[in-house]
Amino acid sequence: GENVEQHPSTLSVQEGDSAVIKCTYSDSASNYFPWYKQELGKGPQLIIDIRSNVGEKKDQRIAVTLNKTAKHFSLHITETQPEDSAVYFCAASYNNNDMRFGAGTRLTVKP
Amino acid sequence: DTAVSQTPKYLVTQMGNDKSIKCEQNLGHDTMYWYKQDSKKFLKIMFSYNNKELIINETVPNRFSPKSPDKAHLNLHINSLELGDSAVYFCASSHSAYEQYFGPGTRLTVT
């Protein structure tokens, strides 16, 4: 089955700096890679996703890149703000079936 | 409001008891899921239901049983609760191969 590894486990940045979170996956059949943000006491919320037919996707301050050959994908947050502080999860699946999550990255943005 | 809702939000119970967690989605999705998030924030899929058929059944104890009375509901029944069942349980839903929307979670504490 799919195995997803996520790094780093914690990340602290200064407000305005960029943050990068990286994930690797093991199953070359995986074709859907979402990123979720989980705030304290809430459920995970989808912030961006990418499918295997594209290499990059951007939505305002958030971007995701995918390298299918190397089987890794990354989340990039630019101009970080204190409200970006949360736990971020990457995930991988084939057609949204049997979604496997990374272990999470706790991002802290210091004002 | 259109959303994925769960009840109860908190559940405290003793070992050996049987309990249920309810989940409802009014998004018109055809697939619903149950996830377990442990104390280290690791998210693991437990079950998913598509049109009343179980399509994923992770290696969870058979004390856990999902029940779907209709497409909008997927309840989780847990028999003979154990200390190790303490976790946050999330319900989610999606339309086939598209993004999953998570509920707010149910924090289960077994004493």
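Nearest approach of B:Phe90 to A:Gln38, heavy atoms of both residues: CZ-NE2, 3.3 Å. Considering all non-hydrogen atoms of both residues, A:Met99 and B:Ile45 come closest at O-CG2, 4.0 Å. Contact detail for A:Phe101 and B:Phe42: the closest heavy-atom pair is O-CE1, 3.8 Å.
Interface summary for chain A: among B:Lys9, B:Gln37, B:Lys40, the most heavy-atom pairs under 4.5 angstrom belong to B:Gln37.
Proximity to chain B is absent for every atom of A:Gln45, based on heavy atoms less than 4.5 angstrom apart. Proximity to chain B (any heavy atom under 4.5 Å) is restricted, for A:Asp49, to the side chain, taken from C-beta onward. Heavy atoms of A:Tyr94 lying under 4.5 Å from chain B are absent altogether. If you measure heavy-atom distances from A:Pro44 to chain B, the contacts under 4.5 Å come from both the backbone and the side chain.
The environment of CD in A:Glu15 is crowded: more than 12 heavy-atom neighbours from other residues, nucleotides or ligands sit within 6.0 Å. Around CG of B:Asn62, the count of heavy atoms belonging to other residues, nucleotides or ligands within 6.0 Å does not exceed 12. Atom NZ of A:Lys68 is surrounded by 12 or fewer heavy atoms from other residues, nucleotides or ligands within 6.0 Å. Within a 6.0 Å radius of CG in B:Leu83, other residues, nucleotides and ligands contribute more than 12 heavy atoms. The 12-atom threshold is not exceeded at CD of A:Gln60, counting heavy atoms of other residues, nucleotides or ligands nearer than 6.0 Å. Atom CD of A:Gln14 sits in a crowded spot, with more than 12 heavy atoms from other residues, nucleotides or ligands closer than 6.0 Å.
B:Phe102 has its side chain out of reach of A:Lys42: every pair of non-hydrogen atoms, C-beta onward, lies at least 4.5 Å apart.
Linking Ile, Leu, Val, Met, Phe, Trp and Tyr residues whenever their side-chain heavy atoms come within less than 4.5 Å leaves A:Leu46 and A:Leu107 in two separate clusters.
Taking CD of B:Gln100 as the start and OH of A:Tyr36 as the end, the distance is 5.0 Å to the nearest 0.5 Å.
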